Amino acid sequence: MPKIKKIVLAYSGGLDTSVILAWLKEKYKAEIITYTANLGQGKTLDSLEEKAKNTGASKVYIEDLRDEFSLKYILPALKAGAIYEGKYPLATALGRFLIAKNLVRVAEKEKAEAIAHGCSGKGNDQVRFEVTAKALNPEIIILAPLREWELTSREEEVRYAQKHNIPIQISEESPYSMDRNLWGISVECGHLEDPWREPLPEAYQITTSPEEAPNKPTYIEIEFQQGMPSKLDGKNYELASLIEKLNLIGGKNAVGRIDLVENRLIGIKSREVYEAPAAVILHYAHKELERLTLDKDTFHFKEIIAQRYSELVYNGLWYSPLRQALDGFVIQTQKFVSGQVKLKLYKGSCEVVARKSPYSLYERKLATYTEEDIFDQKASEGFMHIWGLPLRTVAKIRKRKEKK
Ligand code: ARG
């Protein structure tokens, strides 16, 4: 094992990463540099530098990556329609790739031999961090204290923190494990570990319950340009601000609550609750525009791609050649995905009520049952004659055989 002199730690300032900071420093006698990204976790990062330094960090990085996160990670996943197991929009997963990329960048810049993270040995996040870091720098050493240290419970971590004068907050007594960014919140542990229990109201951070949501629906109109959401109710927004805005509007109308028993990569099933108002609204609106503007074969094939894409993201393979190749396909499909979608948000439901596009493939004259109809109904007869030929052949030949 090479001597480790400097470590870059992915740091949130919570109990786990605070204790990890002190523990790494003690164990490796190394210099610890913390790295924190603002991905829209909704917490102020103002006092974080002081907290990290007080816990023993030699240098502190805090970077606002909301734009990069929305444009380079959320947007491709949105265009691809990536929703894991039909429900989870992948907020936590997408965030890990960007954090890992920056851990490696800072480590290289600071000539640190190792990076460290606070993921447990049971989850998907360790995989996303480590596969990404090694894909970007195969030599980097990765330390995952939660997998190897002797602190096996929360209580022991708190005791360790107290013994080492690590500043921790009372709010860290929460029974839940939470991760939040622009694209959504993931919540697990506590009573949620029983899949037969309904989530308590306190498990939700940014959505009101349907019961308390307004009694009148909220209508919104979203405009897309080549698959990218660009306007809300006629006003231009940067993607990150548009997402923040939709989280508020959707959250107020109880839109975006997801309760899911999911299949983790490492083989266990876990129950997690997500809140992702903007992700739910945007995925729904985007797909609706594709229904209008993509031809049938492309639309159907894209659904297969979407599922595969979601698995790549969930399973930590963002920097895989396959994901990059699929992006090529997806971008090609988005050329004509421009237009507007109107949605109705009401007590937890999110319904598309209208859509239009300059590239709409909907032909009223073909669809109508009025006298404007231009569809040649007589031609259908010949079509069915040929289309049904294989079935008729089977029927005829088998009947002939049965008679013998
Ligand atoms: N299950 C989700 C995933 O694998 C979220 C993981 C993090 N969850 C949490 N509550 N800290 O992407």
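In this text the structure is predicted, and so the values were computed from the model without any measurement. For ligands, and for the atoms within them, numbers begin at 1 and follow the listed sequence.
A donor-acceptor contact shorter than 3.5 Å is absent between the side chain of H191 and the backbone of R197. Under a 3.5 Å cut-off, the side chain of Q126 and the backbone N or O of G121 do form a donor-acceptor pair.
In this structure, atom 2 (C) of ligand 1 lies nearest to the protein heavy atom Y274 OH, 3.2 Å.
Atoms of ligand 1 lying under 4.0 Å from at least one heavy atom of E188, given by number and element, are 8 (N), 9 (C), 10 (N). Close approach of ligand 1 to R128 is summarised as follows: ligand atoms under 4.0 Å from at least one heavy atom of the residue are 3 (C), 4 (O), 12 (O). For ligand 1, the atoms closer than 4.0 angstrom to any heavy atom of N124 are 3 (C), 4 (O).
On a distance-only criterion, E262 and ligand 1 share at least one N/O pair closer than 3.5 Å. The N/O atoms of E272, backbone and side chain alike, include one that comes under 3.5 Å of an N/O atom in ligand 1.
Residue contacts with ligand 1, taken as heavy atom pairs separated by less than 4.0 Å, involve Y88 solely via side-chain atoms from C-beta onward. Residue-level proximity to ligand 1 for Y84 is absent, since no heavy atom of it falls below 4.0 angstrom. Neither the backbone nor the side chain of R96 has a heavy atom within less than 4.0 Å of ligand 1. Of all the heavy atoms of D125, the ones lying under 4.0 Å from any atom of ligand 1 belong exclusively to the side chain.
The side-chain tip of R257 does not point at the ring of Y274 from less than 6.0 angstrom away and within 45° of straight on. A cation-pi arrangement is found for R128 relative to Y314, the charged atom lying closer than 6.0 Å to the ring centre and inside a 45° cone about the ring normal.
Listed here is the closest heavy atom pair of T132 and K101: CG2-N, 4.3 Å.
Aromatic ring centres of F301 and F329 lie closer together than 6.0 Å. Between F69 and W183, the distance from one ring center to the other does not fall under 6.0 angstrom.
E351 has no carboxylate O lying under 4.0 Å from a charged side-chain N of K344, or vice versa, which leaves the two without a salt bridge.
The closest approach between any non-hydrogen atom of S177 and ligand 1 is below 4.0 Å.
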